[in-house]
Amino acid sequence: MNLDLVLITGMSGSGKSVALHALEDAGYYCVDNLPPELLTSFIALQHEQQATRVAIAMDVRSGVSLPIVPQQLEALRRDGVSLRSLFLDATTDALLRRYSETRRRHPLSRQEGRTDVPEQHRVLIQAIELERELLADLRDGADVIDTSLIRPAQLQSYIKALISAPQSALTLVFESFAFKRGVPLDADYVFDVRMLPNPHYVPALRPLTGRDEPVIEWLREHDDVARMYDDIEQFLSHWLDALARDHRSYVTVAIGCTGGQHRSVFLVEQLARLFGARWGALKRHRELDAS
């Protein structure tokens, strides 16, 4: 079955509509809130119509039938469907802020009204935590994108980069970030590089980033930077084959420094170039991409 299927799921308010719009722009036929009971027959229909690119959004609105989805996805893979599963996540604080701004009701919350009222605020938090439990199985094995601190335009770029990446046994996503803004929820591995020499304290380098040649040359002059690079490279090289054998599709490696501008960006760029020679490798710079 020559069909490229993307499943979009995740937390309510995390940006699934934005992701679907990005896929629609990329030429996918998109369906929102498809009932799980119809998934198999829907895919069969797309096959009959010789569709090649389809995107489906599912979430807690699907109700009690949601637990059958992981088994359905595995069956589709066995039938030869090229399946990518993307899970959009966000911190509870970020979701609370979005619901407060839009005044929309959470699908698991039965109370209407303002979310800044203490009782309704508490009910909303409970609905969000219940949703996390219900979606836990779908989150496992999916490529997770943390939308807490990124703009819709960034999310669209991330989605398009993921679907355009060459299919391989494993796709690595290297992501730089600033610890002062929090650790990404989508990280499978987190490396803290704040102890490395910091170009921020060199006036000529402060406005530059880890992608600029003067910063690259400065960091390469320090043995500790090279040692950190080697340690991360050796760790990943040791475990990637095992992760691929475990049928992992995506692994996100987050590297953080204080501001997410110099050291973490440099290491992400270098590691993505190295591992991209064998595996599918993507780069994200959470703080730089937001500017």
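Along the sequence shown, residues are numbered consecutively beginning with 1.
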Any idea which heavy atoms bring [X] and [Y] closest together, and the distance?
X: Ile145; Y: Asp186; answer: CA-OD2, 3.6 Å
X: Ala57; Y: Leu20; answer: CB-CD1, 3.6 Å
X: Ala178; Y: Thr258; answer: CB-O, 3.3 Å

Leu96 and Ile128: CA distance, side-chain angles, deciding distance, side-chain contact (heavy atoms from CB on, under 4.5 Å) verdict: CA-CA 9 Å; Leu96 287 172; Ile128 291 171; 4.1 Å; yes
Do [X] and [Y] sit in the same hydrophobic cluster, where Ile, Leu, Val, Met, Phe, Trp and Tyr count as joined when their side-chain heavy atoms come under 4.5 Å apart?
X: Leu45; Y: Val31; result: no
X: Leu73; Y: Leu134; result: yes
X: Leu267; Y: Met195; result: yes
X: Leu108; Y: Val69; result: yes
X: Phe174; Y: Phe266; result: yes

Can you list the steps and then say if Thr252 with Val144 is a side-chain contact (heavy atoms from CB on, under 4.5 Å)? CA-CA 8 Å; Thr252 299; Val144 181; over 6 Å; no
[X]-[Y] side chain donor-acceptor pair, cut-off 3.5 Å:
X: Ser14; Y: Arg98; value: no
X: Arg61; Y: Ser12; value: no
X: Tyr250; Y: Asp188; value: no

Might you confirm whether atom CD of Glu213 has over 12 heavy atoms from other residues, nucleotides or ligands at distances under 6.0 Å? yes
Flag yes if more than 12 heavy atoms outside Tyr29 fall under 6.0 Å of its OH atom; otherwise flag no.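 Result for OH/Tyr29: open.
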Go through the steps to decide whether Ser148 and Asp146 satisfy the test side-chain hydrogen bond (donor to acceptor under 3.5 Å, both in side chains), and finish with yes or no. CA-CA 6 Å; Ser148 306; Asp146 180 7; 2.6 Å; yes
Salt bridge check: are Glu175 and Arg286 linked by an N-O gap of less than 4.0 Å?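 Here Glu175 does not pair with Arg286 in a salt bridge, since their nearest N and O are not under 4.0 Å apart.
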Side-chain ([X]) to main-chain ([Y]) donor-acceptor, under 3.5 angstrom:
X: Thr9; Y: Met58; value: yes
X: Arg151; Y: Asp289; value: yes
X: Gln46; Y: Val54; value: no
X: Arg84; Y: Leu162; value: yes
X: Gln261; Y: Arg206; value: yes
X: Asp140; Y: Asp137; value: no

Report yes if the side chains of Leu240 and Leu172 come closer than 4.5 Å at any heavy-atom pair, otherwise no.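 Answer yes - side chains close enough.
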Is any side-chain heavy atom of Val123 closer than 4.5 Å to one of His106?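 Of all side-chain heavy-atom pairs linking Val123 with His106, none is under 4.5 Å.
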Could you check Phe191 against Asp231 for side-chain contact (heavy atoms from CB on, under 4.5 Å), going step by step and ending with a plain yes or no? CA-CA 10 Å; Phe191 294 96; Asp231 286 346; over 6 Å; no
CA sep, side-chain torsions, deciding dist, call: Arg278, Asp241, salt bridge (Lys or Arg N to Asp or Glu O under 4.0 Å): CA-CA 11 Å; Arg278 179 182 177 190; Asp241 284 326; 2.7 Å; yes
Indicate the ring-plane relationship of His262 and His200, choosing parallel, tilted or perpendicular according to the 30° and 60° boundaries. tilted
